[in-house]
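By convention in this document, chain letters (A, B, ...) are assigned in the order of the sequence lines, proteins followed by strands, and residues within each chain are numbered from 1.
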Amino acid sequence: MVARIPVGRLATYGQIAELIGAWGCARQVGWALRRLPLPSELPWHRVVNAAGRISLSPGREGSDWIQRQMLIGEGIAVDAQGRLALAPHRWRPDAPVHLEPAPCEPVPPLDLPLA
DNA sequence: AACCTGACGACCA
DNA sequence: GTGGTCGCCAGGT
């Protein structure tokens, strides 16, 4: 689902969770993205928190600032506190996605094609 | 088993 | 606008 986010658009952790049928499992989306080997083909940097901020954390060991630079590179203004304008850049799938409710299971290996 | 810690989010002061 | 609490769930100690 993250792979579908176009350049210059944003989605939230909770939104991704909801789109894959795992309503309320935002933390697991962060859990999955956290484990991505970087650099990654997946546009992980286009996922931000619902407050409209990059989740800054020392535990990310710099990936948060990389995220900021990548977003700026795509034309999205991000201030030094990670704040950005979420609503104007918010992405929504073209076609509605209907899935059965799913539990918050660990994600499978991410070798999905970037379609 | 009982904590603690997260790339979260809704709510409230 | 900010900050704190709480519910959430996976993992680690």
Side-chain angles (χ1 to χ4, degrees):
Chain A
M1 191 59 65
V2 173
R4 299 190 193 181
I5 309 173
V7 175
R9 309 296 295 284
L10 300 169
T12 66
Y13 298 94
Q15 179 185 354
I16 296 299
E18 188 173 344
L19 287 172
I20 63 177
W23 190 89
C25 303
R27 298 192 86 130
Q28 282 67 269
V29 174
W31 183 93
L33 294 185
R34 164 120 224 205
R35 284 160 179 74
L36 275 181
L38 300 182
S40 171
E41 295 302 309
L42 209 64
W44 54 271
H45 57 286
R46 297 174 193 149
V47 183
V48 300
N49 65 39
R53 301 180 39 127
I54 290 174
S55 294
L56 301 173
S57 169
R60 293 183 60 176
E61 300 178 349
S63 70
D64 42 5
W65 295 101
I66 294 174
Q67 180 174 14
R68 177 172 182 269
Q69 283 310 123
M70 293 181 79
L71 289 180
I72 291 173
E74 294 186 358
I76 298 175
V78 187
D79 71 15
Q81 286 80 237
R83 288 189 285 250
L84 45 81
L86 176 55
H89 301 290
R90 170 83 79 150
W91 168 76
R92 285 183 178 70
D94 309 320
V97 183
H98 20 23
L99 295 171
E100 293 304 313
C104 302
E105 294 175 349
V107 293
L110 293 170
D111 48 3
L112 308 170
L114 281 177

| query | Sequence neighbours excluded, which residues qualify as salt bridge (charged side-chain N to carboxylate O under 4.0 Å, His left out) partners of R53(A)? | reply | none
Once disulfide (SG to SG under 2.5 Å) is applied, what residue pairs with a partner in [range] remain, sequence neighbours excluded?
| range | value |
| --- | --- |
| residues 45-84 of chain A | none |
| residues 20-82 of chain A | C25(A)-C104(A) |
| residues 43-92 of chain A | none |

| remark: Under a side-chain separation threshold of 4.5 Å, the hydrophobic residues clustered together with W23(A) are none
| field | Rounded P spacing from dT13(C) to dA7(B) in Å | value | 15 Å
Under 3.5 Å, N/O pairs linking protein and nucleotides 1-3 of chain C:
unit_1	atom_1	unit_2	atom_2	d
dT2(C)	OP1	R83(A)	NH1	2.6

| note | Residues passing the side chain to side chain donor-acceptor pair (under 3.5 Å) test with E74(A), sequence neighbours excluded, are H45(A), R46(A)
| How would you list, by chain and number, every residue that makes a side chain to side chain donor-acceptor pair (under 3.5 Å) with Q15(A), sequence neighbours excluded? | R90(A)
| message | Generate the contact string for nucleotides 6-13 of chain B. Rules: B means base contact, S means sugar-phosphate contact only, - means no protein heavy atom under 4.0 Å. | response | BBBS----
| query | Does Q67(A) use its side chain to pair, donor to acceptor, with the backbone of V47(A) at less than 3.5 Å? | reply | yes
